[in-house]
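Inspection log for the structure reproduced underneath, given as structure tokens.
Every value quoted in this text rests on a predicted model; they were computed, and no experiment measured them.
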Amino acid sequence: MLIKIGDFECTEVWDGVFYKKLSNFPEVSDWEIRTIIEFMEYEKKYGRTSDIECDNENTLLTVLDGIKRKEAYLSAPCPKLLTECTACPYRKGCVTDFVCHTTSVDNAIKIFECGKLLSALNARQVSVETLINENRNAANDPADYFEYIMLAWGNCQAGDRLVMERSLGRFPNDNDLSIGFNPGVRFYFQYEKLLSHPSSVCDGVLPMKVKDEIILEDWVYKIVIPTKLKAILESHIPNSLMDRVIYIDNDCKDIWDWSEKVYSIIEQTPVR
């Protein structure tokens with residue numbers, strides 16, 4: 001993998017490159033150094049080396065020095081608001097109290113029936129070679145990525161965008177994300193609590209991911225279902241999860257408005 005550090009649109013991995021956006025480029029925070037180290041450690045675990053590039057020499061030297069002293073940075077606390085991505089018009093960043101996994105109504109039925117979130121490899125029951133070679137793997141993710149359940153920060157719209165992309169078979173346009181927007185089902189988890197999951201991994205890209213499965217009864221905080229899907233999903237929800245389901249009306253103007261409405265409700269819900 002190649003790590004490119006700079007002032008990109010967002011942090012992401014695409015086609016063998018980890019684009020690491022800094023919130024205040026060319027300054028690099030302790031947290032950002034931590035995520036770069038976590039990425040390198042994850043890649044090393046799967047036998048991949050990491051080269052680093054940065055147009056700013058001082059930034060590069062700071063990061064390289066941090067890597068040499070990695071133990072000092074791996075304990076850097078996670079900020080309450082991450083401003084690497086400021087696309088969100090409401091929060092201007094990612095709020096870090098909760099993480100979520102968003103899925104389609106059809107997948108939600110399967111999840112409720114087995115009581116677990118499953119990795120793509122476990123859920124799809126096809127070979128990893130098939131998953132790698134599918135058109136939906138546009139980012140050219142390696143085999144091990146399919147062994148994990150991916151999680152985003154709780155106020156992020158990326159999950160709903162991906163659900164729509166897979167439903168449409170193309171990248172959503174502005175109309176799809178506004179008057180044509182249909183939200184997916186969101187499974188919310190408390191960030192600090194889910195970090196203690198025995199199979200959780202911080203790979204430096206996502207808030208975290210969990211290998212193989214997450215048993216909902218043990219870990220899920222709240223499940224957000226758009227009200228229009230209630231009649232379809234209600235009979236599939238296990239009794240043990242009924243009290244964690246929240247039905248929310250989509251009276252929002254677009255995907256950003258929906259994400260803010262949902263997250264505002266989640267953060268106002270008393271923690272059990």
Can you find a heavy atom in the side chain of [X] that is under 4.5 Å from one in the side chain of [Y]?
{"X": "V262", "Y": "Y188", "answer": "yes"}
{"X": "T103", "Y": "I111", "answer": "yes"}
{"X": "F181", "Y": "N250", "answer": "yes"}
{"X": "K222", "Y": "T269", "answer": "yes"}

- Query: Checking N133 side chain against E129 main chain: does a donor-acceptor pair fall under 3.5 Å?
  - Reply: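 Confirmed, N133 side chain pairs with E129 backbone.
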
Salt bridge or not between [X] and [Y]? Use side-chain N to carboxylate O under 4.0 Å.
{"X": "E134", "Y": "R124", "result": "yes"}
{"X": "K110", "Y": "D106", "result": "no"}
{"X": "D249", "Y": "K261", "result": "no"}
{"X": "K20", "Y": "E84", "result": "yes"}
{"X": "R136", "Y": "E165", "result": "no"}
{"X": "E267", "Y": "R91", "result": "yes"}

- Message: Classify the ring geometry of Y42 against Y145: parallel below 30°, tilted from 30° to 60°, perpendicular beyond 60°.
- Response: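 The arrangement is perpendicular - the two ring planes meet at more than 60°.
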
- Is the F187 ring parallel, tilted or perpendicular to the F112 ring (thresholds 30°, 60°)?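 Ring orientation of F187 relative to F112: tilted.
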
- Item | Of K45, K211, R48, the residue whose pairing with D144 passes salt bridge (charged side-chain N to carboxylate O under 4.0 Å, His left out) |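 Only match with D144 under salt bridge (charged side-chain N to carboxylate O under 4.0 Å, His left out): R48.
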
- side chain to side chain contact (heavy atoms under 4.5 Å, CB included) against K4, all qualifying residues, sequence neighbours excluded: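 Once residues adjacent in sequence are excluded, the partners of K4 under the side chain to side chain contact (heavy atoms under 4.5 Å, CB included) criterion are L2, F8, V17, Y19, E53.
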
- Query: Can you name the residues that form a side chain to side chain contact (heavy atoms under 4.5 Å, CB included) with E9, not counting sequence neighbours?
  - Reply: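 Counting only residues at least two positions away or on another chain, E9 forms no side chain to side chain contact (heavy atoms under 4.5 Å, CB included).
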
- Message: Can you give me the closest heavy-atom contact between I67 and I52, atom names plus distance?
- Response: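 Nearest heavy atoms, I67 then I52: CD1-CD1, 3.4 Å.
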
- Message: Please find the pair of heavy atoms, one from D141 and one from F146, that lie closest to each other, and give the distance.
- Response: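 Minimum heavy-atom separation between D141 and F146: O-CE1, 3.8 Å.
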
- Item | same_hphob_cluster(I37, V201) at 4.5 Å side-chain heavy-atom cutoff |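 Same cluster.
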
- Are F189 and F98 an aromatic pair by the rule of ring centers under 6.0 Å?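 Centroid separation for F189 and F98: 6.0 Å or greater.
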
- Quick one: are the ring centres of W31 and Y73 less than 6.0 Å apart?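 They do not qualify: ring centres at least 6.0 Å apart.
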
- Message: Checking R186 against S259: is there a side-chain donor and acceptor pair closer than 3.5 Å?
- Response: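 Yes - a donor-acceptor pair under 3.5 Å links their side chains.
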
- Message: Between T130 and S127, is there a side-chain donor-acceptor contact under 3.5 Å, judged purely by atom types and distance?
- Response: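 S127 vs T130: donor-acceptor pair found between side chains.
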
- Query: Can you check side chain to side chain donor-acceptor pair (under 3.5 Å) on S23 and E32, steps first, answer last?
  - Reply: CA-CA 9 Å; S23 57; E32 289 164 340; 3.0 Å; yes

- Around atom CD of Q125, are there more than 12 heavy atoms of other residues, nucleotides or ligands at under 6.0 Å?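 Atom CD in Q125 is crowded, with more than 12 foreign heavy atoms closer than 6.0 Å.
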
- Query: Residues two or more places apart in sequence or in another chain: which of them pass side-chain hydrogen bond (donor to acceptor under 3.5 Å, both in side chains) with T59?
  - Reply: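 Result, side-chain hydrogen bond (donor to acceptor under 3.5 Å, both in side chains) vs T59: N56.
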
- With side chain to side chain contact (heavy atoms under 4.5 Å, CB included) as the test, would you mind laying out the steps for I237 and I225 before giving the verdict? CA-CA 11 Å; I237 302 169; I225 299 176; 3.9 Å; yes

